[in-house]
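Contents: one structure, followed by commentary.
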Number of protein chains: 2
Amino acid sequence: MDARIPSSNNESPWLPFESRRRARDEKREAVLRTAVALFLEQGYHGATLNEVAKRLNITKPALYNYFRGKDEILYECWSIGNELVDDCIAETSAGGGSGLDKLRKLIVRYAELMTADYGKSLVRFDIRDLSEHNRKIVQTAKRRIDRAFRDYIAAGVEDGSVQACDPKLAAFAIAGSLNWIGHWFQPGGELSGRAVAEEFAIRLTEGIAKTTTQATSTRKTTARKAAAAPAAEKVDKPPRKGNATREETSEHHTRTAAGAAGQSKRARSRLR
Amino acid sequence: MDARIPSSNNESPWLPFESRRRARDEKREAVLRTAVALFLEQGYHGATLNEVAKRLNITKPALYNYFRGKDEILYECWSIGNELVDDCIAETSAGGGSGLDKLRKLIVRYAELMTADYGKSLVRFDIRDLSEHNRKIVQTAKRRIDRAFRDYIAAGVEDGSVQACDPKLAAFAIAGSLNWIGHWFQPGGELSGRAVAEEFAIRLTEGIAKTTTQATSTRKTTARKAAAAPAAEKVDKPPRKGNATREETSEHHTRTAAGAAGQSKRARSRLR
DNA sequence: ACTATTTATTACCCACGGGTAATATACGGG
DNA sequence: CCCGTATATTACCCGTGGGTAATAAATAGT
């Protein structure tokens, strides 16, 4: 079975025989970090919970202390990625600048997200592996992201920083390039995530930017961190997703969404 | 179990109680058409062979007369898509024009492929669901496609039709946009595949085209693609992807790769 | 019509992996 | 020190679905 050797290396909170008292959330997040990496590496269906557990020096059932099932883990991975994107959009929207400025800012941030695990989970995981309920949340959130791109482009067209074009198609084209990063980018290559992000921000907007005239101004600044905004979030843990078919009536699943579709803002923590 | 009603609708060669004598290849392709549609609709892992068979008015084991397993069906779907792309590249390379001309031509054709089932299979299916052997073929072919984009861009830079840029990143950006079409495009929407393709050909090259000055003439040329180079591809049939059980020696399923990595050119037919 | 071959069906097998039950161990508090 | 709670383990269940064996029905050739 699992060797359970002291091994040494990694940073699992469950070092075989040691202080295993770390905060619950820390462990929960460790599960997600491990899971997202494995899911990306082997594919959601190719990865097993036993393997996830093994990498954490625990056994499969222990995972069920933190999640109701494999699909929930998948959802939570996705959810974290989504929060990161939401933050990008929030920051970008908060900052000033023309439509083009905002578009470029969003591209840079979004592109860089796509070079990291949680960002990749947004585009590499299949929505159909989620429960009906979570799938809807994801779909809604995806539309919101798409909306952000379109809105910036439309704003740019209106303020003159962007050429006249179909915002919908232009957004698809840009988002496609960016999302694709999540498929080919491998850390450790010749290009850093940052470099790719900045190159893309320029390349992808050259086609629609109004280069002639237009000073584009760009004050830079703006993007101040916008230091958080707590957001309570209170949730309990319902007894598993009812598994086979029928969906429970009321209670159950209260959580799920948490910050996903809502504000987000790094609130994920307590559960149960 | 399965109703086996005359139903009516679809074009399955196996109309319940009727002339089921159609040519083998026709049936084989019918399986692939059904499979690719189902795989796209429900995901490879979500779709079952029973469901594929049911849609064809046959039963699961009958599928094994045409394919060695689910993963081979997946591979064949992918393979057809790949042949279509190969044809695009071949045609584009054969035609004349500057690097930019060729790039645009390829974009239009490739984009349109992405709006159809077999094209989508190129970007929606997970390479990890294939056998080791087929996975390598797919990876090689993908690199070839990427190469085509890069070569056209590089040729364009050299002949002056394209701005100086990193062909690798530019190719990724363009391919990303195009591949993404395979994820969002739904036939029956407001835009036809053709319309999307042509819009993208323009939008995606505006960023790198040398609009100012440069007549795109410039002798240069160089980057001739060096028309093809056959590469025979000869493969025999290894005893199933490893897995359990032994495998028959000869006959049955000789095909496998066939034109996949090689020329393609609508050669798929004969088998056994 | 008889036979060989192809193609389909029914009835199975069984490995894999998600999920659960029963239980053991650690910890924190009174 | 004892008890309750949180957390982990061992041992198990079992549905699903890919794949196979045995066999029947259709087809072609002579």
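Keep in mind that this is a model prediction, so the values were computed, not measured. Chain naming here is simple, since letters A, B, ... match the order of the sequence lines and numbering starts at 1 in each.
Listed nucleotides C/dA8, C/dG18, D/dG18 differ in distance to B/K70; the shortest reach to its side chain belongs to D/dG18. Nearest to the side chain of A/K27, among C/dG18, C/dT10, D/dT7, sits D/dT7.
Within the cation-pi definition used here (under 6.0 Å to the ring centroid, within 45° of the axis), B/K120 does not qualify as a partner of B/F125. Under a cutoff of 6.0 Å and an axis angle of 45°, A/K70 and A/Y75 do not form a cation-pi pair.
Taking atom CD1 on A/I73 and atom P on C/dG18, their separation rounds to 9 Å, with Å as the unit. Distance, B/E51 CD to D/dT16 P: 15 Å, rounded to whole Å. Rounding to whole angstrom units, CZ of residue B/R28 and P of C/dT7 are separated by 12 Å. For the pair B/Q42 CD and D/dG17 C1', the computed distance is 14 Å after rounding to whole Å. One interatomic measurement links the two molecules: CG of A/L49 to C1' of C/dG19, which rounds to 9 Å at whole-angstrom precision. If you take CD1 of B/I58 and C1' of C/dT6, they are 14 Å apart, rounded to a whole angstrom. The interatomic distance linking B/F67 (CZ) with D/dG17 (P) rounds to 21 Å, in whole Å. Distance, B/D71 CG to D/dG17 C1': 14 Å, rounded to whole Å.
For A/R24 and D/dA6, the shortest distance from a side-chain N or O to OP1 or OP2 is not below 4.0 Å. The phosphate of D/dA8 (OP1 or OP2) has no side-chain N or O of A/T59 nearer than 4.0 angstrom. Side-chain N/O atoms of B/Y64 include none lying less than 4.0 angstrom from OP1 or OP2 on D/dA21. OP1 or OP2 of D/dA8 sits under 4.0 Å from a side-chain N or O of A/Y66.
Heavy-atom nearest nucleotides on DNA chain C were determined for A/G46 and for A/P61, and the one closer to the 5' end corresponds to A/G46.
Counting any heavy atom pair closer than 4.0 Å across all strands shown, A/A47 reaches sugar-phosphate atoms only and no base atom.
Residues that satisfy the side-chain hydrogen bond (donor to acceptor under 3.5 Å, both in side chains) test with B/R109, not counting sequence neighbours, are B/E91, B/T92. Qualifying side-chain contact (heavy atoms from CB on, under 4.5 Å) partners for A/L191, counting only residues two or more places apart in sequence or in other chains: A/V196, B/K168, B/L169.
For A/K60 and C/dG18, a side-chain-to-base donor-acceptor distance below 3.5 Å is present, hydrogens and geometry of angles not being considered.
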For the pair B/D117 and B/R33, evaluate salt bridge (charged side-chain N to carboxylate O under 4.0 Å, His left out) and give the outcome as yes or no after the intermediate values. CA-CA 8 Å; B/D117 280 2; B/R33 271 199 313 275; over 6 Å; no
